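Report on the following structure.
First listed ligand is number 1; within each ligand, the first listed atom is number 1. These numbers were taken from a predicted model, which means no experiment stands behind them.
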Amino acid sequence: MSGFSDIYGYETIKEHLQNAVVMDKVSHAYIISGGLGSGKKMIASIFAKTLQCEEGKSNPCNHCHSCVQADTLNQPDIIWVKHEKPTSIGVDDIRDQLVADMQIKPYSSKYKIYIVDEAEKLTVQAQNALLKTIEEPPAYGIVILLTKNADIFLQTILSRCVVLDLKPISDDIVEKYISDHLECGEYEKKFASKFARGCIGRAISILESPDFSQLRSVVLDVVKNAKKMTSVEIMDSVKKTSEYKLVIDDYLDLLNVWYRDVLIFKSTKDSNLVIFKDEISTIKAQAEVISYEGIQDILESIDKVKIRLMANVNFDLTIELLIMAIKEHI
Ligand SMILES: [Zn+2]
């Protein structure tokens, strides 16, 4: 049971999609681009549901047969394309589930809608296979590609698609979402809405994951104490961090936000721009002693960790080197 009014932010995009439905000017191919937790899937499924709704209005009616099926993911003409390999969407996935399937008329609805999540994983061959379909689709065929990164698409694909870019929404809207849907204190709300950087999904995981506040203290321990840490203490911190392997991106983001705070405070002296507001005195003290180059080096080291971990370099060693890099600069 949901409609466009359940989507927070993205006013222009909602308006565009709703107008397309009402004015019958729907494109055959869309790219919805936005970061993790930005709401790509929610927007795609509400758009698809609205397109297939038997009442044909700018919002789904939520009670017709099609809407009910869509809500339980049983609408036969809304197809979520799956992929076998976790790391790529190959030409066979696209040929079997989309290109060939689109030749078969819709089962019961006006359109046949294909949603490809994680479309940044499409191989070049898969994109080429897709291209022919979006160049000459049947009148009922619609393809929606969801991606974290639209840059990977071939120019020929991009030029055929309506590209909707989900830019970060304002902190106020994230805060409003939290107030409307989640229970938490005022500081948690502020921190989550700031740290989420315009992404509601991220705010939810910050507030709902019990690990997050523990992780936050592991990170604070590093940024506050790295300078005087002995090698035994560093190993101990690495060991604690390895318990959070699955959310290592959060660990790195927390570190990143911390040093961005130091950088922002150093250059502006404006404590309102700082996200770790409750740690302002430490931020202030660090901003005074770390050079701009030092902060830059630390931020680069944090980025490098992401690349190393993606390349499966030893986890403990990578984190140890990161803490040493921080120690060296503060
Ligand atoms: Zn309906």
Trace of the side-chain hydrogen bond (donor to acceptor under 3.5 Å, both in side chains) decision for Gln286 with Trp258: CA-CA 10 Å; Gln286 295 201 350; Trp258 178 271; 3.0 Å; yes
Give a yes-or-no answer on whether the side chains of Asp101 and Tyr114 include a donor-acceptor pair shorter than 3.5 Å. yes
Ignoring water, what protein N, O or S atoms are under 2.8 Å from the Zn ion (ligand 1)? Cys53 SG, Cys61 SG, Cys64 SG, Cys67 SG
Carboxylate-amine/guanidinium contact Glu135 Lys132, below 4.0 Å: no
Is the NZ or CZ atom of Lys105 both under 6.0 Å from the centre of the six-membered ring of Tyr140 and within 45° of that ring's axis? no
Any luck finding a side-chain donor-acceptor pair between Thr72 and Asn74 under 3.5 Å? yes
Is the distance between the ring centroids of Tyr8 and His181 under 6.0 Å? yes
